[in-house]
Amino acid sequence: MSESTGKIGTKLLNRGYITEEQLKFAVEYQKEHGGLIGNILIENNFITSKDLEYFINTSKFSRLGERLIQSKLINQKQLINAMNYQNDNGGRIGDILVYLKYITQKQLDDFLAIDNRPKIPIGELLMEKGKITKEQLDEALELQKKSGGKLGDVLLFLKYITPEDLYRDLATQNNVGRVGRNINFKNLKKIPYEIALKYNAIIINDRENSYLLAVSEILSDDDIKKIQLYLDKPVEQVLATMIEIDNFWDEAYSYTQTEKSVFELYDEQPENSAIVTFSNNQRVVVIFIISVLIFMIVLNYKCTFFLLNLFFQAIYAIMAALKLLIIIKGANKNAQLIFTQEELDKIDEKELPIYTILVPVYKESEVIKDLIKNIQNIDYPQYKLDVCILLEEDDIETIDVIKDMNLPNNYRAIVVPNSTPKTKPKACNYGLIRAKGEYVVIYDAEDRPEPDQLKKVYLCYKKLPDEFVCIQAKLNYFNSNQNILTKWFTQEYSMWFELLLVGIMQLKTPIPLGGTSNHFKIDFLREVGAWDPFNVTEDADLGVRLFKKGYKTGVVDSRTWEEANSHLKNWIRQRSRWIKGYMQTWLVHMRHPIQLYKSLGFEGFIGYQAMVLGTPLLPIINPFFWLMLIWWYATKALWINSLFPGIFYHIAAIQLFFGNFIFIYTNAIGMYWVIRDCALKKEQPFSYGLIKYALLTPIYWILMSVAAYKALFQLIKNPFYWEKTHHGLTSKRNNTILNKNT
């Protein structure tokens, strides 16, 4: 039984023209002898020809093919042939009938001119066809009334309809066709990539007199005319589901998308790309400095080492003073963007925009299910979330896990083609190309954002001036009590995100973003070139580029809980990558230091050196002073004494005790700050006992130095290598967030 004839029988039954027994008889008769359902019903006196004609001509739900048969313009066989062609190749049934020469274009146009029918609301159409019930439609309409959005997206979110059924009836509603089964992109003409991207439209078939253009949303006549400027024939648009259109993109433009995700920043802003680690000028400067040092050591090594010591002592003093100043500013109660529950409750969810969530994953099959659960816990209309799970082509295990999951329709599994460099920023660039949201955020696979985070960011952008294009949420760890390493890591993050970044926000200086939970206005992110795929700490680099463009970053009072590295080797892999990325970032933006100074200003330039250079520099020089201190107490070596003559000895001693106290104290105060804040919110995942481990911070510094030297070695040998951090190493017993909620 053809779909068309079967549907008309159901419609007649629903309208009371025939009984269920009469329809059943007609369907069985059709299976054995063929023929049209309508004719069978008439021949058996179940309905009169007059009633059937009246129903087809007046019913707003009857299909074009049915009406053309009733008007004797085509017969059943021709309609079946046309529908089979449509299933294979896509397109509108009327255009196919013309293409197959069953009717002329004039006959079709004349019929449609007389047969012009009003557009039927999609909910009413789906209900009439039995795709959804009245109760389901009422529930969807109620949710739409509360949170806005398209009714189709709401129905898909509620899983009351499949994407295929929805888009088939959307095509009927808008008098367009659907995509077919037979699609071959080989030797198929393409519209220019930028045009395809702008309209999210791809040519999927070439007919004698037209191209079939797959779209996810109906384009206007003006848009179609603009696309046709690049083609030699008219286009007929056909609707494709989100999954279908993504597959078409991978087939038609995969190479172009890969190239853009890797080289777009370099092509458009080569001065901001880390594709080259050391510029020629920097190589000359390094060689010059080394040559001068060698010459000075040969000339007078005591004086040379004294001057070097003095230089690094000054750096320690400046860093300690700056850090204390920044943290004092960060402790200001108005430094963060804070919103009350009343402000959150007043949000009109209908005004909330589409929000893209990029989730780059690699070898994360063990945590992917928790990731989906964490996203579904976010207090935001779920069907307004454009969730892009970014998978690497060679990560077969995680891809298979995703395939086996029944993901909601607003989730897209995007497979990033295998290419170098294999980095997180490259994957994010690939996902960003077709991101649909007004805002976009990155979450790592193990992240657990607080449920109200997206709404708080929405309020941030409503409140702040337009130059704020990035909002950084605070990061912390849910497994702080697992071992001594996670305790140190938690202290460090508490100080960094609760006070240091918040303090930097008060200054006119670039903010080195965290690797996750940074929320962007998507248009501005694209404007600055998105992420550098060759920089392994792409977040810090992006923060600098945003500042250079005159844009600002805010810090919102919302946390994302991550998994702290609990294994030493895993921690060193991660930390060495971070430090290497800071080295890359410093080298990239210091290619033209005078120009950078003009771009950042005095305050910004000093802040940049302190944050971006200081982060890798201090762990590298620390071991020299530690060894000198040990050697001095062990041997009282005179050459060490000569480095600290007279008053410089006392200055260095003050620096040793006061400077180290500042660094330890800031870790302790950062930990206290977050514990106190969580206690006031009655959401306490931490114990005050964590604070005492700040006294052991110098041991943590030793580990940081090990990671720094590994980073320095890799910067020279393998600058773009992304060392994978393994997740899912925390047991439920050590999960303080999970235990707090149970």
Side-chain angles (χ1 to χ4, degrees), residues 122 144 147-157 163 166-167 170 179 191 193-202 213-220 223 227 237 239-254 256-257 260-261 264 349-360 372 375-376 378 380-391 402 407-416 427-443 449 453-455 457-458 461 469-471 518-528 530-531:
I122 187 62
Q144 184 188 42
S147 302
K150 296 177 181 177
L151 182 60
D153 291 337
V154 178
L155 289 166
L156 288 172
F157 165 68
L166 173 65
Y167 277 77
L170 282 172
V179 299
I191 54 178
Y193 172 78
E194 296 298 339
I195 300 300
L197 188 63
K198 179 179 180 180
Y199 297 106
N200 197 20
I202 302 174
L213 187 73
V215 296
S216 57
E217 295 185 4
I218 303 296
L219 300 180
S220 68
D223 292 338
I227 292 173
Q237 53 183 329
L239 272 180
T241 67
M242 185 172 66
I243 292 176
E244 289 169 341
I245 205 80
D246 280 345
N247 290 337
F248 296 157
W249 272 101
D250 290 339
E251 287 282 343
Y253 295 103
S254 176
T256 305
Q257 290 182 115
K260 287 183 71 67
S261 65
E264 185 171 38
E349 290 193 348
K350 293 193 293 295
E351 296 181 2
L352 292 174
I354 301 295
Y355 215 121
T356 293
I357 298 177
L358 298 179
V359 189
I372 305 301
I375 292 176
Q376 291 176 335
I378 294 176
Y380 202 91
Q382 287 288 310
Y383 55 88
K384 288 188 174 183
L385 296 180
D386 170 35
V387 183
C388 302
I389 303 175
L390 309 175
L391 303 155
I402 290 290
L407 292 176
N409 188 67
N410 59 308
Y411 284 62
R412 293 188 283 166
I414 298 176
V415 178
V416 181
C428 289
N429 284 342
Y430 195 87
L432 182 68
I433 289 173
R434 297 198 316 278
K436 301 189 297 183
E438 182 177 333
Y439 305 141
V440 59
V441 60
I442 294 180
Y443 288 132
Q453 187 171 116
L454 300 193
K455 285 186 174 179
V457 172
Y458 169 76
Y461 283 130
V469 301
C470 176
I471 302 295
N518 24 54
H519 302 251
F520 301 96
K521 293 178 180 177
I522 200 166
D523 290 339
F524 292 92
L525 177 61
R526 287 169 172 154
E527 178 194 326
V528 300
W531 298 275

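These numbers were taken from a predicted model, which means no experiment stands behind them.
With contacts defined as side-chain heavy-atom distances shorter than 4.5 Å, the pair Q376/Y411 qualifies. Here the side chains of V469 and V528 are not in contact, with every heavy-atom distance at 4.5 Å or above. In this structure, K384 and N410 have side chains that are not in contact, with every pair of non-hydrogen atoms separated by 4.5 Å or more.
Smallest separation of non-hydrogen atoms from N429 and S261: ND2-O, 3.0 Å. Here the closest non-hydrogen pair linking L390 and C428 is CD1-CA, 3.7 Å. Minimum interatomic distance between Y383 and S147 (heavy atoms only, all atoms of both residues): OH-CB, 3.2 Å. Considering every non-hydrogen atom in both P163 and T241, the closest pair reads O-CG2, 3.7 Å. Shown here for P360 and I442, the closest heavy-atom pair between the two residues is CD-CG2, 4.1 Å. Closest non-hydrogen pair, A435 versus R526, comes out as O-NH2, 3.2 Å.
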For residues 247-254, which side-chain N or O atoms pair as donor and acceptor with protein atoms under 3.5 Å away, sequence neighbours left out?
residue : atom : partner : partner atom : Å
N247    : ND2  : I243    : O            : 3.3
W249    : NE1  : N200    : OD1          : 2.8
Y253    : OH   : I191    : O            : 2.7

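By the salt bridge (charged side-chain N to carboxylate O under 4.0 Å, His left out) test, K150 pairs with E217, sequence neighbours left out. Residues passing the salt bridge (charged side-chain N to carboxylate O under 4.0 Å, His left out) test with K260, sequence neighbours excluded: E194, E264. When the salt bridge (charged side-chain N to carboxylate O under 4.0 Å, His left out) test is applied to D386, the partners found at least two apart in sequence or on another chain are R412. By the salt bridge (charged side-chain N to carboxylate O under 4.0 Å, His left out) test, K436 pairs with no residue at all, sequence neighbours left out. Taking the ring pair (Phe, Tyr, Trp, His ring centres under 6.0 Å) definition, one finds that Y355 meets it with Y380, Y439, H519, sequence neighbours left out.
Put simply, the side chain of T356 gets close to the backbone of G437: a donor and an acceptor are under 3.5 Å apart.
Note that CD1 of I195 is 7.5 Å distant from CD1 of I227, once rounded to the nearest 0.5 Å. A distance of 8.0 Å separates CG of D153 from CG of L166, quoted to the nearest 0.5 Å.
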Worked check of side-chain hydrogen bond (donor to acceptor under 3.5 Å, both in side chains) between Q453 and Y443: CA-CA 12 Å; Q453 187 171 116; Y443 288 132; 2.8 Å; yes
Please assess V359 against I375 for the test side-chain contact (heavy atoms from CB on, under 4.5 Å), listing each intermediate value before the final yes or no. CA-CA 10 Å; V359 189; I375 292 176; 4.1 Å; yes
